[in-house]
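Worth knowing before you read on, the calculation uses all heavy atoms, side chains too, and leaves out hydrogens, waters and symmetry mates. Since the structure is predicted, the reported quantities are computational estimates derived from the model, not experimental observations.
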Amino acid sequence: FIRLFWFAHRRVYRLTRHRLGLWRPKKNRWGTLCLHTVGRRTGRDCMVMVGYIEDGSNLVTMAMNGWGEAEPAWWLNLQAHPEVSVDLPHGGGTHPVVGRAALGEERDRLWSRWSEIDEHLDEYAARRPRPTAVVVLELGFLRDDFSFQVVAEHSSTTTPSFYKLTAMWSSQEGSLL
């Protein structure tokens, strides 16, 4: 049932040209985002809808396959190619992110936050033969990712000259900015 729901959800998102299907998390409710990964074997672009919560500037999701035994393909893809992108709701657009597994105290803290939203989380997780990974998606710009691809995708020739000049000047040693 869960896999069928996510399949239908992804279909609605596509058919409405990304206008319906995503929502922001609220106090005691998770939101949904669209995660774009690269296939670890095929190299093709893949798209999956996942539930998430916000943790400061990070987005947090669970690597689960409807609580089934197998790891979800998107999580295996993300481990192979951690630099991906997400579509966020309400005009949030597409953002570059870097995915990683939360470990130690961070994982415990984030698991606890998910438990506040889903009171049956531990019960569902007990059905799996291995621990469920808590996945942190860090926004690319907040990680100081200034790789050529990111800069090229987010630059514009229509930017006013003043902004171009100040951007260039602020990157020089000794700049006051």
Cluster link [X] to [Y], ILVMFWY, side chain under 4.5 Å:
X	Y	value
M49	L76	no
L103	W75	no
V97	V38	no
L139	L137	yes

Hey, does [Y] have a side-chain heavy atom less than 4.5 Å from the side chain of [X]?
X	Y	value
V60	V135	no
Y124	M64	no
D87	L22	yes

Compare every heavy atom of [Y] with every heavy atom of [X], then report the nearest pair and how far apart it is.
X	Y	result
V98	E83	CG2-CG, 4.0 Å
R107	A102	CB-O, 3.5 Å
W74	A63	CZ2-CA, 3.7 Å
H81	G39	NE2-O, 3.9 Å
L33	V86	CD1-CG1, 3.8 Å
T61	G51	OG1-O, 2.6 Å

Worksheet entry | Whether S115 side chain and W111 backbone form a donor-acceptor pair below 3.5 Å | yes
Worksheet item: Near E119 CD, under 6.0 Å, is it more than 12 heavy atoms from other residues, nucleotides or ligands?
Response: no
Discussion item. Run the side-chain contact (heavy atoms from CB on, under 4.5 Å) test on L35 and V84 for me, step by step, so that the C-alpha distance in whole Å, both residues' side-chain angles and the decisive distance to 0.1 Å come before the verdict.
Written reply: CA-CA 8 Å; L35 177 65; V84 295; 3.8 Å; yes
Worksheet item: Please walk me through it: do D118 and W30 pass side-chain hydrogen bond (donor to acceptor under 3.5 Å, both in side chains)?
Response: CA-CA 9 Å; D118 186 349; W30 47 268; over 6 Å; no
Worksheet item: Among R41, H36, R40, R44, whose side-chain hydrogen bond (donor to acceptor under 3.5 Å, both in side chains) with N77 holds?
Response: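 Only one of R41, H36, R40, R44 forms a side-chain hydrogen bond (donor to acceptor under 3.5 Å, both in side chains) with N77, namely R40.
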Discussion item. If the threshold is 4.0 Å, N to carboxylate O, is there a salt bridge linking E54 and K26?
Written reply: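 Between K26 and E54 there is no salt bridge, as every charged N stays at least 4.0 Å from the carboxylate O atoms.
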Fill in: E106/R100 salt bridge by N-O under 4.0 Å criterion
yes
Item to complete: Could you grab the distance from atom CE of M47 to atom SG of C34, nearest 0.5 Å is fine?
Response: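 It comes to 4.5 Å.
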Worksheet item: In Å, rounded to the nearest 0.5 Å, how long is the span from SG of C46 to CG of L78?
Response: 11.5 Å
Item to complete: Step by step, work out the side-chain contact (heavy atoms from CB on, under 4.5 Å) result for E71 and R128.
Response: CA-CA 10 Å; E71 295 284 15; R128 302 192 74 221; 3.4 Å; yes
Practice prompt. Could you please spell out the steps behind the side-chain contact (heavy atoms from CB on, under 4.5 Å) verdict for Y52 and M62?
Written response: CA-CA 8 Å; Y52 79 103; M62 308 286 261; over 6 Å; no
Item to complete: Report the C-alpha distance between D55 and L110 in whole Å, list the side-chain angles of each, state the deciding distance to 0.1 Å, and finish with yes or no for side-chain contact (heavy atoms from CB on, under 4.5 Å).
Response: CA-CA 8 Å; D55 182 49; L110 295 172; 3.6 Å; yes
